[in-house]
Amino acid sequence: MNNGTKNAAIVGASVPRMEGRAKVTGQARYVDDMTLPGMLYGATVRSRIPRGKIKQIHFGAGINWNEFVIVTPADIPGKNCITLIEDDQPALADTTVNHPEEPLLLLAHPDRHILPKAVESISVKYEPLPAIFTIEESESPTQLIWGSNNIFKEILIEKGDVDAIWQNAAHVVEGEYATGAQEQLYIENNGMIAAFDPQDGVTVWGSLQCPYYVHKALMKLFALPADQVRIVQMETGGAFGGKEEYPSMIAAHAALLARKSGKPVKIIYDRMEDMAATTKRHPSRTRLRTAVSKEGKILGGEIDFTIDGGAYKTLSPVVLSRGALHAGGAYYWPSVRIRAKAVATNAPPHGAFRGFGAPQSLFALERHIERIAQIVGLSPIEIRKRNFLQPGQTTTTGQIVREDIDLGKLLDHALELSTYHPQKEQFAKENQLANRKKGIGIAAFLHGAGFTGSGERFLGSVVGVEACADGTVRILVSSTEFGQGTNTVLCQIAAEALGLRYEDVAIAQPDTREVPNSGPTVASRTVMVVGKLVQSAAIGIRKTLTSSGLLADSYSPEEFRAACRSYIAKRGKFLATAQYEQPGEIVWDDEKYRGSAYAAFAWAVYIAEVTVDLTTYSVTVDDFVALQEVGKVLHPVLAKGQIIGGVAQGIGFALYEKVIWDQGRMQNGQMTNYIMPTSADLPFIRAYFEELGNVHGAYGAKGIGELPMDGPAPAIINAIEDAIHVPFNSVPLLPEDIFAALGEHETPKTLVPSARGRE
Amino acid sequence: MSQESTAGKLCEISFTVNGRPQTVHVHPMARLLDVLRFDLALTGTKEGCGEGECGSCSVLLDGALVNSCLIPALQAHGADIITIEGLARAPRAQILQQAFLDCGGAQCGICTPGMILAAHHLLSKKSQPTLDEIREGLSGNLCRCTGYMQIFEAVTEAAKQGAVRQGSVKQEAAT
């Protein structure tokens, strides 16, 4: 006999991945595996200059243009924009271009092989306009490229009286830190298939994270009602945020070609187009100025966090928000002033990538903490312990830490797991004569789960759980699977809540005609927020059956099946829904940026061990310990996979992945020259969990997906400093960067961190 | 990245795919990847980069692990080719697939067919590889999701269970 509320056998067990069998046998269907009768192939003609007015478009000789379907902005039935936060980004540039990968025209043809040549044969004459490419150029008032000041969004977070702290400070520590763009580099390139029917409207199948984002964008572009736009997610080969907003653009393009041609159209980007034209992680610059007591306590400080948003607003305000809310990290700030802004440049818009602003601001903070430690004369451990947030204290937004987290203990545990002290001692001894110098570095941090502040309330996510006559249960959500384990974990939760077997639960393919809007699959919110709603809806099914007398409080799967049959025979469709309601203690003031920024935080301490080779200037990570508290771990194998995979991307962010820019264009848009870590490059990454539980998430789970992206870069750069005593303050850090820095400073050990002391 | 298959004459190419003889009429420089995916509808083989970096299009060609995006169709004439669909039917290969499922070796799944072929190839050369040999053996196949550790676990687990008999690539996979 089972009772869903007491049985804890499924949640917490590593059940088989729901769609795993299809994936290991090659049967899983991704968008490029799908073909429709009479389908054409589409391609995009893009601008090749960063900014200018379009004067003339010339279709070159040697191509039979009559064979092609050609879409121009005049073919757009609704508003020419990819709607998101603001309608500033056109689907096709009409009069001006604002970055060098901007779509101008669309082509379609039955033979995909002749498309590249056709695209190349189109030449565009422009009247060039001056363009800007860096945060600094955007800040200087010489060139206005967006709005009245080049600023997409500004945020101010204030706590306490910052102006009063400086006079009592023993030390004032200043630093500037930077992070570069990073490509998500999912192995499946972006792709969409669209069909258009004058009666039914638009249908799109594709590789995407957020079906309802695409749905909203196409409604506006085609001026169609909700029921005339249908978005279906195919199996998606990795996303990491990279398929959050740009898929709306590709879907728009495929659908415009389908409408004009009357045939289904497939657009699949090749790797170079995908890397160059779609979003990347926002480059950032963070300036910190902190007042510190003689004992090494942070008295307060000013944090100036700026991100480069590229040419259009897209998601930059939200990325900025998460970055600003994480800028104070896992430390207690009696007073702080955080000024954040997202600025415009003439590069393709930067966008969502795992961590969403937090890896940028936390890199700066975790480097700055090391700087403070050196100036005060404390160890990296002691400086952190003296400043860690404690339960009952408040974050930078005044949110009271209600979780029973002991960061000092978490740090001690991580030190133990990494054998920090003996390693450090040994390195200090061996480094003196070695040409390959070893170091060990720490990063301690938090990551907020779910949408920021009132975001979840505005989303008002809805999920459905449907019981069928055969006793199987189907989950209806727009939350998507792209490797993280959405399908599996949501099915575990429903099975657990209903006291059924995992095999008795299925999840519907995300199709806006079939599933309600459970919100976007982003922000580490799926398990915690959507999972909780699935749990509620499943409990709704059970309660309906018990209260109608069809099922006893305790039941077998057979009895559940019989009860469902009876219910459906009497009343037809058996569906329970649940909608998000904000817990009472989560209060957020959007105007002042005060209150509870997140329903829950995950906490972590990561420790990296590195070798810096002073002959080749290459850095290898020799060991990596990732210890975190993420609430209840619902699926140990998947959770571990999330952490290890995120750490690997973080190592890439720190040491390998560098976008080379020229006039706003990515120059190394290939896997040959944009290098992500291979299996031979990574250390054995060790992931560990501590479980405190959380009242808001399903079965006590918190968010996990983004957290592991935050820690590796600072831990590694801290370890490099430990090894060679050179304080690097930007990532990515490639061998040539180390070479250049060491060239400037003959003997690394003579370098002293810059600071203004007040002893 | 894509070649122009419309230019030039088509030629007749015959080979064995997953134990079945096949004849196709394609441009001699057509990529084997496209022939498999388009002409033979074997879509389990994936394209990731189109330039031989990512290994998602890995297949076995006469027992050798190759990137099918770099192999012109003409070169495959007369060859014995195994794709993920063929491997999936081999009884002992299921041990490897099951190990990928159990250990979390597959997340988004797009690199998985190529990764499993590479692992199978490795185990056919060395039935009990060390961790370093696994790292090296799979280093031509990129995975962005897993950070590889759970793939190493899967291969180690499969080796323990005798997933592949050394030197048995062609014979076994073609059954």
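Below, chains carry the letters A, B, ... as their sequence lines are ordered, and counting in each starts from 1. Note that this is a predicted model, so its numbers are computed, not measured.
Taking B/Leu96, B/Leu101, B/Ile151 one by one and counting their heavy-atom pairs under 4.5 Å with chain A, the maximum is reached by B/Leu101. Interface check for chain B: of the options A/Gly238, A/Gly483, A/Gly645, the most heavy-atom pairs under 4.5 Å are formed by A/Gly483. Put simply, of B/Ile110, B/Asn141, B/Thr112, the one with the most heavy-atom pairs under 4.5 Å next to chain A is B/Ile110. Counting heavy-atom pairs under 4.5 Å between each of A/Met275, A/Arg29, A/Gln184, A/His635 and chain B puts A/Gln184 at the top. Between chain A and the options B/Glu153, B/Glu136, B/Gln150, the largest number of non-hydrogen pairs under 4.5 Å is found for B/Gln150. For chain B, the option among A/Val637, A/Thr236, A/Val15, A/Thr35 with the highest count of heavy-atom pairs below 4.5 Å is A/Val637. Contact count versus chain A (heavy atoms, under 4.5 Å) is highest, among B/Gly104, B/Gly137, B/Ala106, for B/Ala106. Ranked by heavy-atom pairs under 4.5 Å with chain A, the first of B/Thr146, B/Ile116, B/Asp102, B/Leu138 is B/Thr146. With chain B as partner, the option from A/Gly485, A/Gly646, A/Gly237 having the largest number of non-hydrogen pairs under 4.5 angstrom is A/Gly237. Between chain A and the residues B/Phe38, B/Phe152, B/Phe100, the largest count of heavy-atom pairs under 4.5 Å involves B/Phe38.
For B/Gln94, no part lies under 4.5 angstrom from a heavy atom of chain A. Looking at B/Gln97, the atoms closer than 4.5 Å to chain A (heavy atoms on both sides) sit in the backbone and in the side chain alike. If you measure heavy-atom distances from A/Ala680 to chain B, the contacts under 4.5 Å come from both the backbone and the side chain. For A/Arg21, the parts lying under 4.5 angstrom from a heavy atom of chain B are both the backbone and the side chain.
With sequence neighbours left out, the salt bridge (Lys or Arg N to Asp or Glu O under 4.0 Å) criterion links A/Asp33 to B/Arg37, B/Lys46. Annotation: side-chain contact (heavy atoms from CB on, under 4.5 Å) contacts of A/Ala626 (sequence neighbours excluded): A/Tyr606, A/Phe624, A/Gln628, A/Ile643, A/Val647.
Using a cutoff of 4.0 Å between basic side-chain nitrogens and carboxylate oxygens, A/Arg112 and A/Asp270 are not scored as salt-bridged. Ion pairing between a basic and an acidic side chain is recognised when a charged N comes within 4.0 Å of a carboxylate O; A/Lys23 and A/Glu19 show such pairing.
When the options B/Leu74, B/Leu61, B/Thr45 are evaluated for a side chain to side chain contact (heavy atoms under 4.5 Å, CB included) with B/Leu32, the one that passes is B/Leu61.
In this structure, A/Arg281 forms a cation-pi arrangement with A/Phe653, its terminal cationic atom sitting closer than 6.0 Å to the ring centre and no more than 45° off the ring axis. Relative to the six-membered ring of A/Tyr186, A/Lys243 meets both conditions, a distance below 6.0 Å and an angle of at most 45° to the axis.
Side chain of B/Gln98 to main chain of B/Ala93: no donor-acceptor pair is present (N/O by atom type, distance under 3.5 Å, no hydrogens or angles).
Annotation for A/Lys266: atom NZ counts as buried by contact number, over 12 foreign heavy atoms lying within 6.0 Å.
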